[in-house]
Amino acid sequence: YGAVYELFHGDGLSRHASSLSAYVRTVATAFGQRVITVDDDGCLEPDEDAYNRIARQLNPGCDATDDTLPSASVAKDWL
């Protein structure tokens with residue numbers, strides 16, 4: 001399946017994963033390593049730094065978690 005992107009109004013587009021399955025695998029890994037937890041109110045609480053480390057390992061080349069890469073808005077890697 002296609003890559004997963006996130007669009008922020010005013011900030012542009014960022015690529016999170018090369019496929020939907022890669023994105024789901026990243027989130028599942030983060031839950032499994034307790035990088036994303038659920039607080040007493042039922043809200044998700046991510047450890048952003050730890051999540052980004054996992055995401056960079058599982059999704060190399062995705063600018064959403066790698067500040068050394070140009071944003072997808074600039075790279076236009078969906079073309």
Side-chain angles (χ1 to χ4, degrees):
Y1 300 102
V4 176
Y5 292 88
E6 184 172 21
L7 176 62
F8 283 107
H9 181 70
D11 289 336
L13 192 67
S14 61
R15 183 177 182 177
H16 282 266
S18 60
S19 69
L20 182 56
S21 60
Y23 182 73
V24 171
R25 187 170 38 255
T26 302
V27 173
T29 299
F31 270 108
Q33 294 184 15
R34 300 194 46 82
V35 168
I36 299 174
T37 57
V38 180
D39 69 13
D40 293 336
D41 295 325
C43 296
L44 298 179
E45 289 291 332
D47 175 335
E48 300 267 344
D49 292 332
Y51 180 85
N52 287 345
R53 281 192 296 276
I54 291 168
R56 280 192 302 273
Q57 288 176 337
L58 297 178
N59 303 291
C62 292
D63 67 287
T65 56
D66 188 343
D67 292 336
T68 66
L69 298 172
S71 72
S73 298
V74 172
K76 297 185 179 177
D77 61 357
W78 64 89
L79 297 176

ask   = Any chain of hydrophobic side-chain contacts (each under 4.5 Å) joining Leu7 to Val74?
value = no

request  = Mind checking side chain to side chain contact (heavy atoms under 4.5 Å, CB included) for Leu58 and listing every partner two or more places apart, or none if nothing turns up?
outcome  = Thr26, Thr29, Ile54

message = Filter on salt bridge (charged side-chain N to carboxylate O under 4.0 Å, His left out), then keep only pairs touching residues 14-30, sequence neighbours left out; what's left?
response = Arg15-Asp77

key: Pairwise side-chain hydrogen bond (donor to acceptor under 3.5 Å, both in side chains) hits with a residue in residues 61-70, at least two apart   = Asp66-Thr68

ask   = Is any side-chain heavy atom of Val27 less than 4.5 Å from a side-chain heavy atom of Tyr51?
value = yes

note = Hits for side chain to side chain contact (heavy atoms under 4.5 Å, CB included) against Ala64, two or more places apart or cross-chain, chain-then-number order -> Ser14, His16

message = Could you measure the distance from the OH atom of Tyr5 to the SG atom of Cys62? Nearest 0.5 Å is fine.
response = 8.0 Å

ask   = Can you tell me if Ser18 uses its side chain to pair, donor with acceptor, with the backbone of Ala3 under 3.5 Å?
value = no

Please list every donor-acceptor pair under 3.5 Å in which a side-chain atom of residues 43-50 meets a protein atom from a residue at least two apart or in another chain.
unit_1, atom_1, unit_2, atom_2, d
Asp47, OD1, Asp49, N, 3.3
Asp47, OD1, Ala50, N, 3.2

ask   = Any chain of hydrophobic side-chain contacts (each under 4.5 Å) joining Leu13 to Phe8?
value = no

message = Restricting to side chain to side chain contact (heavy atoms under 4.5 Å, CB included), what partner residues turn up for Val24, sequence neighbours left out?
response = Leu20

Working for side chain to side chain contact (heavy atoms under 4.5 Å, CB included), residues Tyr23 and Asn59 = CA-CA 8 Å; Tyr23 182 73; Asn59 303 291; over 6 Å; no

